[in-house]
Trainee: 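Have a look at this one.
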Amino acid sequence: MNISNVSKSKLLLPLIPKLNRALYSHCHRRTRSLPHHKDKPINHNPTHGLVPHNRFLSLLQKCESLPHLKQIQAQMTITASILNPFESSQLINFCTLSKSRNLDYCVKLLRGVDNPNAFSWNVTIKGFSESPNPKDAILIYKEMLRDGGESRPDHFTYPVLIKVCADLELSRLGLMILGHVFKLGLELVSHVHNASIHMFACFGEMENARKAFDESPVRDLVSWNSLINGYKKMGQAEKAIEVYKMMESEGIDADYVTMIALVSSCAMLGSLKLGREFYGYIIDNGVRMTVPLANTLIDMFSKCGDVHEARMIFDRMEKRTIVSWTTMISGYARSGLLDVARKLFDEMQTSSTKPDEITMIHCLSACSQLGALDVGVWIHRYIEKHNLSLNVALGTSLIDMYAKCGNISEARSVFHGMKTRNSPTYTSIIGGLALHGDASAAISYFNEMIDAGIAPDEITFIGLLSACCHAGMIQAGRDYFSQMKSRFNLNPQLKHYSVMVDLLGKAGLLEEAEKLMETMPMEADAAVWGALFFGCKMHRNVVMGEKAAKKLLELDPGDSGIYVLLDKMYGEANMWEDAKKARRMMNERGVEKKTPGYSSIKVNGVYFEFIVRDKSRPESEKIYDCLNCLGRHMGSSVSVRSEVPEMRLL
DNA sequence: ACTAGTAAGG
């Protein structure tokens, strides 16, 4: 609701202090004529008045509608009990209760009664904080500061306000409110502290969250949970688990909120072992199995590769929400069990839960990862048939699915059919075009995006730069890379460096690639060194290649790809002894050759590289699919090879 | 009366 509208209608208030008083004196005159009230003034004593005051509280508890509420209000007005800030606060409190919440009327009451107490303000603020526009809570708070009279904000006010700032990521306002906390000397209140930990975590400022935690006078379960969840939210799963160990050593028992954070951290780490440990803890200690906790467990088990365990938890659930269904379905889909996912989806139709947009987004995402175009198309039809709203997020998922499953023209047509497009929408079409080697189209969509005033982000540039990389557009790549910081104020991340090193390395500009790596503000990862190594191998720079390979082996000695590539590099440079040595090293270390995540085929002398998304299917089958696909497009004879490609056209 | 919490996308 809009607060300013309410103040405009203030004249129409059913309740203004003057009116209250007029009604009061009117009733007072009449009641005074009643003999048994003669000598006793009508006041806030519950035993006096037409209706005993404490009856209002029980009436309020039974109240079910606004008209009913107004009747009680009228009674309170007649008996003058409404003039008592405590009595009126009960009325206001009722208006904010979730079941019968009417915030418009709540504000009318708040502004209409005499001297609303801090409780009245607090419950109104709380009510707005849970409304569709939580920011209105801040407006009420400002009004409280201005018109609150003797009612000052207290330790119940601030946790709610801080949470609003946290959830809306209003960092400046949040700091301002913390300033107020200090001014009023409420900084030692544990709820305020806990809310601050949560707030800093939401801003991504974990150092400050940690500071708030360390400085907290009391560390209760909520403090620990806020910190652990903060690290988890920032993707620092190890750190979350580390903090839990500390919590454990201080003798504090985890509850289901703690477990949600920890189990979800395991999902992020892909650690089935750790996930099972926490599941065991939950069972052994009788941690309350709430629906969100069960959902988190289903997600963890299916992401860590144990869909059967996930399904067992799903089956045991007494109550399932849309999240449970969606998590289970996408769990199957992600595991490549598309038929089971589809079956569960059909079963879901018979339950009371209906798939929503987010369900479809999940299913599409699974299709993108698996390259399952047919299922993706089926989902597209389903969306159209059931009139699900094709919002930006869903449209973007469709674009992504079509692009990653190889139908870029359909991706483009979905893009053009969308009413509103945001940054991810442009990012996915640009990334899709990059994947299909259409650099000029990718660049023209990028220009369109800038013209439309939509800000690109780091991921947009990954698409843009990789488009340049695939097309060998060296200068354009350099320009966009430097524009990231200078024009768009985006800091290049590891991934951007690895694309640039890939671009420069493939062009044989190995010194430039090495120089770029020296300017990196972070430690180069395996992708960056791998890109350099690949360039070195391609351009027969054995010295630099050895250096890169050494680094790569330090990072992951079990990566068979490095030995294979070393073997090839030496072989192509006619250094047969060294090639043999590389192979021997691999055998000695017991490194097993893994199925590569890519396949390549040679068409009329040109190598095409495929990123293989479905790792559960045999290599031969995937290559066969690729061949069919290419054959349809090109009608040419193809030859297959399963090794590192020389060129990257697709 | 206030504070912590589940599914996704580039």
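Protein chains get the first letters and strands the later ones, always in sequence-line order, with residue 1 at the start of each. Quantities reported herein were computed from a predicted structural model and do not represent experimental measurements.
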Trainee: Need one value for A:D457: base, sugar-phosphate or nothing, where a base atom within 4.0 Å counts as base even if backbone is also close, heavy atoms only.
Mentor: base
Trainee: Could you tell me whether the phosphate oxygens of B:dT6, OP1 or OP2, come under 4.0 Å of any side-chain nitrogen or oxygen in A:K232?
Mentor: yes
Trainee: Consider the side chain of A:H191, meaning its heavy atoms from C-beta on, and name the nucleotide among B:dG9, B:dC2, B:dG10 that approaches it most closely.
Mentor: B:dC2
Trainee: Separation of A:L227 atom CG from B:dG5 atom C1', in whole Å?
Mentor: 15 Å
Trainee: How long is the line joining CG of A:L110 and P of B:dA1, in whole Å?
Mentor: 19 Å
Trainee: In whole angstrom, what separates A:L97's CG from B:dC2's P?
Mentor: 11 Å
Trainee: Under 4.0 Å between a side-chain nitrogen and a carboxylate oxygen: does that hold for A:E207 and A:R210?
Mentor: no
Trainee: A:K303 has an atom NZ; how far is it from atom P of B:dT6, in whole Å?
Mentor: 12 Å
Trainee: So that I know where these two stand, are A:W325 and A:F314 an aromatic pair - ring centroids less than 6.0 Å apart?
Mentor: yes
Trainee: B:dA7 P sits how many Å from A:F345 CZ, rounded?
Mentor: 20 Å
Trainee: If you look at every strand shown and take non-hydrogen atoms under 4.0 Å, does A:V160 touch a base, only sugar-phosphate, or nothing?
Mentor: sugar-phosphate
Trainee: Please determine if a side-chain N or O atom of A:H155 lies less than 4.0 Å away from the OP1 or OP2 oxygen of B:dC2.
Mentor: no
Trainee: Give the ring-plane orientation class for A:Y281 versus A:Y244, where under 30° counts as parallel, over 60° as perpendicular and anything between as tilted.
Mentor: perpendicular
Trainee: Is atom CD of A:E250 surrounded by more than 12 heavy atoms (other residues, nucleotides or ligands) closer than 6.0 Å?
Mentor: yes
Trainee: Look at the aromatic rings of A:H386 and A:Y382 and report parallel, tilted or perpendicular, splitting at 30° and 60°.
Mentor: parallel
Trainee: Rounded to whole angstroms, how far apart are NE2 on A:H198 and C1' on B:dG5?
Mentor: 10 Å
Trainee: Would you please confirm or rule out a distance under 4.0 Å between OP1 or OP2 of B:dG9 and any side-chain N or O of A:K404?
Mentor: no
Trainee: Phosphate oxygens OP1/OP2 of B:dT3: is one of them under 4.0 Å from a side-chain N or O of A:K126?
Mentor: yes
Trainee: Which part of the nucleic acid, if any, lies within reach of A:S428 when heavy atoms closer than 4.0 Å are counted: base, sugar-phosphate only, or nothing?
Mentor: sugar-phosphate
Trainee: Is any side-chain nitrogen or oxygen of A:K163 closer than 4.0 Å to OP1 or OP2 of B:dA4?
Mentor: yes
Trainee: Taking only the side-chain nitrogens and oxygens of A:S365, find out if one of them lies under 4.0 Å from OP1 or OP2 of B:dG9.
Mentor: yes
Trainee: Need one value for A:N122: base, sugar-phosphate or nothing, where a base atom within 4.0 Å counts as base even if backbone is also close, heavy atoms only.
Mentor: base
Trainee: Expressed as a whole number of angstroms, how long is the span from A:I282:CD1 to B:dG5:P?
Mentor: 17 Å
Trainee: Classify the nucleic acid contact of A:S226 as base, sugar-phosphate or nothing, counting any heavy atom under 4.0 Å across all strands shown.
Mentor: sugar-phosphate
Trainee: Indicate, yes or no, whether a donor-acceptor pair under 3.5 Å links the base of B:dG10 to the side chain of A:Y426.
Mentor: no
Trainee: Nearest to the side chain of A:N295, heavy atoms from C-beta on, is which of B:dG10, B:dT6, B:dA4?
Mentor: B:dT6
Trainee: Between A:K135 and A:D167, is the closest basic N to carboxylate O distance under 4.0 Å?
Mentor: no
Trainee: Please report the distance, rounded to the nearest Å, between CZ in A:F156 and P in B:dC2.
Mentor: 8 Å
Trainee: What's A:D255 touching, base or sugar-phosphate or nothing? Going by heavy atoms closer than 4.0 Å.
Mentor: base
Trainee: Contact class for A:S423 (heavy atom, under 4.0 Å): base, sugar-phosphate, or nothing?
Mentor: base
